[in-house]
Amino acid sequence: MAQKPEVDDLSEEQATKELADLAQQLAEANTAYHTEDAPRISDAEYDALKARNAAIEDRFPHLKRADSPSDQVGAAPSEAFAKVTHAVRMLSLGNAFDDADITEFDTRIRRYLGLGDDAKLTYTAEPKIDGLSLSLRYESGKLVQAATRGDGAVGENVTANARTIDDIPVKIDGAPDVLEIRGEVYMSHADFEALNARQAERSDKQFANPRNAAAGSLRQLDSSITRSRPLRFFAYAWGEVSEPLADTQMAAINRLSDLGFQTNPLTELCDGPSEMLVQYAKIEQLRAELGYDIDGVVYKIDDLALQSRLGFRSTTPRWAIAHKFPAELAWTRLEAIDIQVGRTGALSPVARLTPVTVGGVVVSNATLHNEDYIAGRDSKGNEIRGGKDIREGDWVQVYRAGDVIPKVADVDLSKRPDDAQPYTFPETCPECGSEAIREEGDAVRRCTGGLICPAQAVEKLKHFVSRAAFDIEGLGAKQVEQFYRDGWIKEPADIFTLEERYGSGPRQLKNREGWGEKSAKNLFEAIEEKRNIPFGRLLFALGIRHVGEQASNLLARFYGNWDDFTAAMDSAADCDGPEWERLLGIDGVGEVMARSLVTAFAQDNERDSIDRLTRHLTVEETARPATEGSPVAGKTIVFTGTLEKMTRAEAKARAEALGAKVSGSVSAKTDLVVAGPGAGSKGKKAEELGVEIIDEDGWLDLVGAS
DNA sequence: GAGCCTCGAGTTCG
DNA sequence: CTCGAGGCTC
């Protein structure tokens, strides 16, 4: 770019041509970034191209293109925002779709807390705003950081943009030293329409819906643009706080309001499921006149002490649930049914649809799940959609499940073309022709081609470089596909010899279309960086069936280092003996997973491929869980008898959080028995074995809770 | 053996 | 985000 003539020296003709080039380059970069989930050019290069474009447009305003990149909203790479690790994870909520789900929610909570049906439980109910969640961190009353949710653990720093939102105070009085406020950024209907009208006047891009407009506005690199967008904010929760805000959810919300935040005026207390449903109906009725989008009602246990007793499941709190409004539906034509082949060989049918707008976005593909779903049955053989099968050419109803994934919900038989044939699911892989087999009791049909099947091979490679696995910058799905097609990368090990083979010499990466000196260098560097890899990531990256991210990390924590692990897999290869038993003894590992693991390491092909790979790697050891300061870390605990101040489930969760293993029966391996009144045989056995026994109060003292 | 809960695998669009 | 299946508990 440095060699390019100064903007002032450009002729109109040159400028026109360069603007066209820039528009194309930037569009490609955007596609590479957004849809291939791997940027092809660096952020700096991207910014430079954009700056050049702006400079030329400035000089020749009349040459500005209708599709000018300077008007593209939300096109800036998100890499431009710094990553922020949330002090307290931002979780999502469990979903409820009907009245029964709400009753079950209440029942589950009562059971977990050990409460009877008659005990009073109070909930809050509030509209669920359809926007984007934001976490605001205040220290000594000053806004120091605003972060998007991201994946819940790590979000993006959008502080400068958040400061421009009127509803977000930059300073608050009388707050705890550390206070993280969580809430929703949204745009009102009126502001959204005004914005779109304004955009139209300037022939700028129209936003599909208020949510997208809010999201696009918040993620502007230039915060003056965010300032010009009418964003609003409702506070409804909190993350880290240096001192408790209140005793109840409702009081906490009122406190947030006192601190100067907008809180939703429709937040109400409910005494149980029936009142919650009344509130739901009320809010649903008000929906159209609220002036902003909501997609349901959120219920939370009001008592914060109970909230903390209930705690969290892996991704959602036990004490809250979102009751969603029914999804928007649309009818369209099913043009064709295509089959995709996944990493494990699973054949998944996809519906190709005549594009139709559903809930503000245009949908042209939808999942059809599996063979049975098309035939109108679920996995247990029960009828779905009244047993109506789905055929190519059918008129179908689609919706976006969870407002995201398009699904085919129904078929209109009266509009079925006369010549429509029942869909026959292929029994051979459409990619490699191998036989596709459906195991007894399985819902999916799988290609048996293994790595012979190009689809499986490439999907496995994509998995290998994915976010939770090797996560190599500049090597995303699209790149992997191309390298595979050209034979540059056939298996994971090839990634680590890529530079050796194509770093220099007659066929060089930097001479390839779409690559340059800089991007090639960046890629090689990114690969270099990943030669050191944590055990858990490596194991996950291998893509062994039934061994996902969680299981991989579990195994990494258990075995600690790679060599011990592979040695254990070898010893357990015949699915027998002490190592096999030890593997099965891991909480969370069952027979199916264990077999899958051991087989992967025992099969020559697969093992050779793994060994070829690890030769290029330094596998980082995983520290066994330290659970610093925990009095029970690594101990095996048994709870017995009646627990009066907590339930079994609670006690177990608590113990496990502290690094203990909770077992059901007393044995020589037991370190501690917590016995309530009525402890029978287990108490006796503990005495016989000389295992330490404490009562419930002793336990609560030990773990520092009362 | 039933009934959770959690995880894995597959999915769409911006 | 959803579905199906694995794993654990009762």
Side-chain angles (χ1 to χ4, degrees), chain A residues 30-31 33-37 72-76 78 92-95 97 104 107-108 111-112 132 205 207-209 211-213 215-216 219 312-316 318 322 324 327 338-353 355 357-370 372-373 378-380 384 398-408 439 441-444 446 459-460 462-463 466 468 540 543-554 584-596 639 648-649 652-653 656 661-665:
Chain A
N30 282 338
T31 321
Y33 184 79
H34 290 284
T35 61
E36 304 166 13
D37 123 82
Q72 313 271 315
V73 180
S78 68
S92 49
L93 294 177
N95 290 322
F97 297 98
E104 273 168 35
T107 310
R108 253 198 325 270
R111 196 167 52 223
Y112 193 89
L132 358 36
K205 182 192 133 165
F207 292 102
N209 54 51
R211 208 196 101 83
N212 284 359
R219 300 183 76 263
F312 301 88
R313 298 210 296 239
S314 63
T315 58
T316 59
R318 287 195 187 84
K324 302 301 259 319
D338 278 357
I339 299 289
Q340 290 181 357
V341 182
R343 157 169 79 83
T344 61
L347 305 191
S348 319
V350 182
R352 306 293 177 201
L353 308 165
T357 303
V358 196
V361 300
V362 178
V363 165
S364 40
N365 301 307
T367 172
L368 286 168
H369 288 131
N370 56 45
D372 290 345
Y373 191 83
D378 68 11
S379 61
K380 292 174 197 81
I384 44 182
V398 293
Y399 71 103
R400 297 203 303 149
D403 281 330
V404 182
I405 313 285
K407 284 184 59 170
V408 174
E439 303 270 349
D442 242 2
V444 295
R446 285 183 208 287
E459 290 302 318
K460 255 192 126 142
K462 283 187 199 167
H463 172 80
S466 68
F540 173 63
I544 297 166
R545 193 130 100 86
H546 301 122
V547 184
E549 194 180 354
Q550 304 295 323
S552 299
N553 288 320
L554 176 71
L584 283 181
I586 302 173
D587 196 5
V589 177
E591 183 130 353
V592 175
M593 192 197 294
R595 273 185 196 280
S596 176
F639 291 94
R648 280 307 166 84
K652 179 174 188 290
E656 283 171 350
K661 180 173 154 52
V662 176
S663 162
S665 58

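So that the names make sense, note that chain A is the first sequence line, chain B the second, and so on, each numbered from 1. Not measured: the values here are computed from a predicted model.
At a threshold of 4.0 angstrom between heavy atoms, the contacts of Arg400(A) with the nucleic acid are absent. Val444(A) comes within 4.0 angstrom of nothing in the nucleic acid, heavy atoms only. Leu584(A) comes within 4.0 angstrom of nothing in the nucleic acid, heavy atoms only. Using a 4.0 Å heavy-atom criterion, one finds that Ala551(A) contacts the sugar-phosphate atoms exclusively. The residue Ser92(A) sits apart from the nucleic acid: no heavy atom pair falls under 4.0 Å. Asn212(A) comes within 4.0 angstrom of no nucleic acid atom, judged by non-hydrogen atoms across all strands.
Ranked by how close their nearest DNA chain B nucleotide is to the 5' end, Leu347(A) and Val547(A) are led by Val547(A). Mapping Pro406(A) and Arg108(A) onto DNA chain B via the closest heavy atom, the residue that lands nearer the 5' end is Arg108(A).
Of the candidate nucleotides dA5(C), dT2(C), dT12(B), dT2(C) has the atom nearest to the side chain of Phe97(A). Each of dC7(B), dT12(B), dA5(C) was ranked by its minimum atom distance to the side chain of Gln550(A); first place goes to dC7(B). For Val592(A), the listed nucleotide lying nearest its side chain is dG7(C); candidates were dG7(C), dA9(B), dT11(B). Here the side chain of Ser364(A) is nearest to one of dC13(B), dG4(C), dC4(B), namely dC13(B). Here the side chain of Arg343(A) is nearest to one of dC5(B), dG7(C), dG10(B), namely dG10(B). Considering only side-chain atoms of Lys407(A), the nucleotide from dT12(B), dG6(C), dC3(C) that sits closest is dC3(C).
Regarding contacts with the backbone of dG10(B), a side-chain N or O of Thr344(A) is found under 4.0 angstrom from either OP1 or OP2. Between Asn370(A) and dC3(C) there is no side-chain polar atom (N or O) within less than 4.0 angstrom of OP1 or OP2. When the side-chain nitrogen and oxygen atoms of Ser348(A) are compared with OP1 and OP2 of dG10(B), none of them lie within a distance under 4.0 Å.
With Tyr373(A) contributing its side chain and Pro349(A) its backbone, the two residues share no donor-acceptor pair below 3.5 Å. A donor-acceptor pair is defined here as one N or O able to donate and one able to accept, closer than 3.5 Å; no such pair exists between the side chain of Thr316(A) and the backbone of Gly94(A). Between the side chain of Arg343(A) and the backbone N or O of His463(A) there is no donor-acceptor pair closer than 3.5 Å.
The distance from atom CZ of Arg352(A) to atom C1' of dT12(B) is 11 Å, rounded to the nearest whole Å. The CD1 atom of Ile586(A) sits 15 Å away from the C1' atom of dG6(C) (whole-angstrom rounding). Between the CD atom of Glu549(A) and the P atom of dA9(B) there is a distance of 11 Å, rounded to whole Å. Remark: P of dG6(C) and CD1 of Ile544(A) are 17 Å apart, rounded to the nearest angstrom. When the C1' atom of dT2(C) is taken as reference, atom CG of Leu93(A) falls 17 Å away, rounded to whole Å. Distance, Tyr373(A) OH to dG10(B) C1': 15 Å, rounded to whole Å. Atom CD of Gln340(A) and atom C1' of dG10(B) are 9 Å apart (whole Å). As a whole-Å value, the separation of His546(A) NE2 from dA9(B) P is 7 Å.
Atom NZ of Lys324(A) sits about 4.0 Å away from atom CG of Asn95(A), to the nearest 0.5 Å. Expressed to the nearest 0.5 Å, how far CD1 of Ile544(A) lies from NZ of Lys460(A) amounts to 7.5 Å.
For Thr367(A) against His369(A), the heavy-atom pair with the smallest separation is OG1-N, 3.0 Å.
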